[in-house]
Chemist: 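Below you'll find the structure I mean.
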There are 2 protein chains.
Amino acid sequence: MTEPTPEQIEKLAIAFERFTRRFKVAEASAVLEHSLNALDIQALLFIDDHPECRLGDVARHLQVALTTMSSSADRLVRRDMIERQRPEANRRSVALTITNKGQQAVSGYVDGYRASCKAMLEALDPVDQTEFLRLTQKIAKYDD
Amino acid sequence: MTEPTPEQIEKLAIAFERFTRRFKVAEASAVLEHSLNALDIQALLFIDDHPECRLGDVARHLQVALTTMSSSADRLVRRDMIERQRPEANRRSVALTITNKGQQAVSGYVDGYRASCKAMLEALDPVDQTEFLRLTQKIAKYDD
DNA sequence: ATTGAATAATACGAAATTCGTAGTATGTCT
DNA sequence: AGACATACTACGAATTTCGTATTATTCAAT
């Protein structure tokens, strides 16, 4: 559309750096709480959103080697957070599903993430909240 | 101020997840390019912003153990990206400063980050760009 | 001036993580 | 049935993180 000025870009970059730091803190506390590492939490989130997904799906999504994902799944299974199944349809693959305990960990993470989002919106008055959402939606859509 | 609705929060969370993924990709490519890991890049950014800072400052900022930061500094020194000096004022501490080569790596990272920000702004028309910036600034300020 | 405590970092080793190579099991195609 | 592709696991090397112990320096109190 139109070229934003370097000043505008710079301002946005600084603001987003702050937001990112905020989210990182939220992630870190969720990670600590369940003694999971960053990869395992991200894998858990994906598996929660994609029940019966395969190992390769998660690896591709998170851009890690398949073997890395296999290790991650080992850890998650050991901690009773996911289950590995061999589907009859294609017995080479594994279908990953989240357990109750895994869902609890996801909830903890998501709650933290949403709390951060809530705090952000609360900095604005209702009219600006709606406006801010409209704009983020527009950007997110454009992103596809 | 006013309570945002759960739907609003959810929408914002989803949008921000996308943004975060975008930034991660940018970081990953900067990391690959200079064969640095995520911690080392973040350390480099901090050192660039805080010349002559001490090891402990960086460790505190990045929330890692001091020994971890020491290892990171080893790597960055080995790759000629920072310099360790013993300041006369307090010879127990080290003063970290970035080198030209380090600055190049920072530039690469920052460029990628800004490119992401630029792409976001370009999704909006000029009026909305200004409006979006106003709102992010407001949130970032509130964040303190 | 000396001793003791506090500060700031490094040395070293254990545990965990990532990833590449090789291997196994299953499915598909001719 | 055989050859090739797919999906994953086993294993080991390299890297990273972090805790404990140690070194060097500064500060404070006597």
Side-chain angles (χ1 to χ4, degrees), chain A residues 24-25 27-44 46-47 50-79 81-97 105, chain B residues 24-25 27-44 46-47 50-79 81-97 105:
Chain A
K24 263 189 196 154
V25 171
E27 185 182 45
S29 74
V31 158
L32 269 182
E33 197 170 335
H34 297 274
S35 70
L36 294 171
N37 65 32
L39 175 67
D40 294 357
I41 271 276
Q42 292 301 321
L44 216 46
F46 185 86
I47 295 166
H50 302 83
E52 316 220 345
C53 64
R54 294 182 306 175
L55 210 55
D57 300 333
V58 193
R60 216 169 308 115
H61 176 73
L62 299 179
Q63 310 200 61
V64 295
L66 192 60
T67 52
T68 303
M69 203 50 240
S70 189
S71 302
S72 172
D74 286 346
R75 290 191 292 271
L76 291 171
V77 166
R78 201 180 327 127
R79 288 173 202 182
M81 295 199 164
I82 62 168
E83 277 175 9
R84 258 195 188 101
Q85 273 142 6
R86 292 282 175 180
E88 278 309 310
N90 180 352
R91 298 179 28 75
R92 285 173 299 189
S93 64
V94 293
L96 303 174
T97 48
Chain B
K24 264 189 195 153
V25 170
E27 186 182 44
S29 74
V31 158
L32 269 183
E33 198 169 334
H34 298 274
S35 70
L36 294 171
N37 65 31
L39 175 67
D40 294 356
I41 270 277
Q42 291 301 320
L44 215 47
F46 185 86
I47 296 166
H50 302 83
E52 316 221 345
C53 63
R54 295 181 305 175
L55 211 56
D57 300 332
V58 194
R60 216 170 308 115
H61 175 75
L62 299 178
Q63 307 200 61
V64 295
L66 191 60
T67 51
T68 303
M69 203 49 241
S70 189
S71 303
S72 172
D74 286 346
R75 289 191 292 271
L76 290 171
V77 167
R78 201 181 327 128
R79 287 172 204 184
M81 295 199 164
I82 63 169
E83 276 175 10
R84 259 194 187 102
Q85 273 141 4
R86 292 282 175 181
E88 278 309 311
N90 181 351
R91 297 175 31 73
R92 286 171 301 191
S93 63
V94 295
L96 303 174
T97 47

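What you are looking at is a predicted structure, and each value in this text was computed from that prediction instead of being measured. Chain naming here is simple, since letters A, B, ... match the order of the sequence lines and numbering starts at 1 in each.
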Chemist: Do L96(A) and M69(A) come within less than 4.5 Å of each other through their side chains, counting heavy atoms only?
Modeler: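 Not touching, per the 4.5 Å side-chain cut-off.
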
Chemist: Counting only side-chain N and O atoms of R54(A), is one of them less than 4.0 Å from OP1 or OP2 of dA7(D)?
Modeler: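 True: R54(A) side-chain N/O within range (under 4.0 Å) of dA7(D) OP1/OP2.
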
Chemist: Where each residue is assigned the nucleotide of DNA chain D containing its nearest heavy atom, which of Q63(B) and S71(A) is assigned the position nearer the 5′ end?
Modeler: S71(A)

Chemist: At under 4.0 Å between heavy atoms, what does S93(A) touch on the DNA or RNA strands: base, sugar-phosphate, or nothing?
Modeler: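 It contacts sugar-phosphate atoms only.
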
Chemist: When the distance from CZ of R92(B) to P of dA5(C) is rounded to whole Å, what number comes out?
Modeler: 16 Å

Chemist: Under 4.0 Å between a side-chain N or O of R75(A) and OP1 or OP2 of dT18(C)?
Modeler: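 Indeed, a polar side-chain atom of R75(A) lies that close.
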
Chemist: Counting heavy atoms from C-beta on, name the nucleotide in dT9(D), dT17(D), dG20(C) closest to the side chain of A65(A).
Modeler: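 Selected nucleotide: dG20(C).
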
Chemist: Using atom CG of N37(A) as one end and atom P of dA15(C) as the other, report the distance to the nearest whole Å.
Modeler: 18 Å

Chemist: Indicate whether OP1 or OP2 belonging to dC8(D) is found under 4.0 Å from a side-chain N or O atom of S70(A).
Modeler: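 For dC8(D), OP1/OP2 do not have a side-chain N/O of S70(A) under 4.0 Å.
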
Chemist: Please check if the number of heavy atoms outside Q85(B) that lie under 6.0 Å from its CD is greater than 12.
Modeler: yes

Chemist: Measure from CD on Q85(A) to C1' on dC8(D) and round the result to the nearest Å.
Modeler: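 Interatomic distance, CD of Q85(A) to C1' of dC8(D): 16 Å.
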
Chemist: Rounded to whole Å, how long is the line connecting atom CD of E52(B) with atom P of dA9(C)?
Modeler: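 Answer to the nearest Å: 14 Å.
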
Chemist: Hey, what do you get for SG (C53(A)) to CZ (R60(A)), rounding to the nearest 0.5 Å?
Modeler: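 One gets 10.5 Å once the value is rounded to the nearest 0.5 Å.
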
Chemist: Nearest whole angstrom, please: distance from the C1' of dA7(D) to the CZ of R86(A).
Modeler: 8 Å

Chemist: Tell me the interatomic distance from L32(A), atom CG, to dT17(D), atom C1', rounded to whole angstroms.
Modeler: 13 Å

Chemist: Looking across every strand, which nucleic acid part, if any, lies under 4.0 Å from D74(A) by heavy atom: base, sugar-phosphate, or nothing?
Modeler: nothing

Chemist: Atom CD of Q42(B) and atom P of dT16(D): how far apart are they, to the nearest Å?
Modeler: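 Answer to the nearest Å: 15 Å.
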
Chemist: So which heavy atom on A43(A) is nearest to which on S72(A), and how close?
Modeler: CB-OG, 4.1 Å

Chemist: Base, sugar-phosphate, or nothing: which does S72(A) touch, judged by heavy atoms less than 4.0 Å apart?
Modeler: nothing

Chemist: Determine whether a donor-acceptor pair (N or O, by modelled atom type, separation under 3.5 Å) exists between the side chain of R79(B) and the backbone of S35(B).
Modeler: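 Between the backbone of S35(B) and the side chain of R79(B) there is a qualifying donor-acceptor contact (under 3.5 Å).
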
Chemist: Using atom CG of L55(A) as one end and atom C1' of dA25(C) as the other, report the distance to the nearest whole Å.
Modeler: 15 Å

Chemist: Is R91(B) side chain donor-acceptor paired with the dT25(D) base, going by distance under 3.5 Å alone?
Modeler: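 When only heavy-atom distances are counted, R91(B) does not reach the base of dT25(D) through any donor-acceptor pair under 3.5 Å.
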
Chemist: Heavy atoms only, 4.0 Å cut-off, all strands: where does L66(B) land among base, sugar-phosphate and nothing?
Modeler: base

Chemist: Under 4.0 angstrom, heavy atoms only, what part of the nucleic acid is T68(A) near: base, sugar-phosphate, or nothing?
Modeler: base

Chemist: Specify the residue among L36(A) and N90(A) whose closest nucleotide of DNA chain C lies further upstream toward the 5′ end.
Modeler: L36(A)

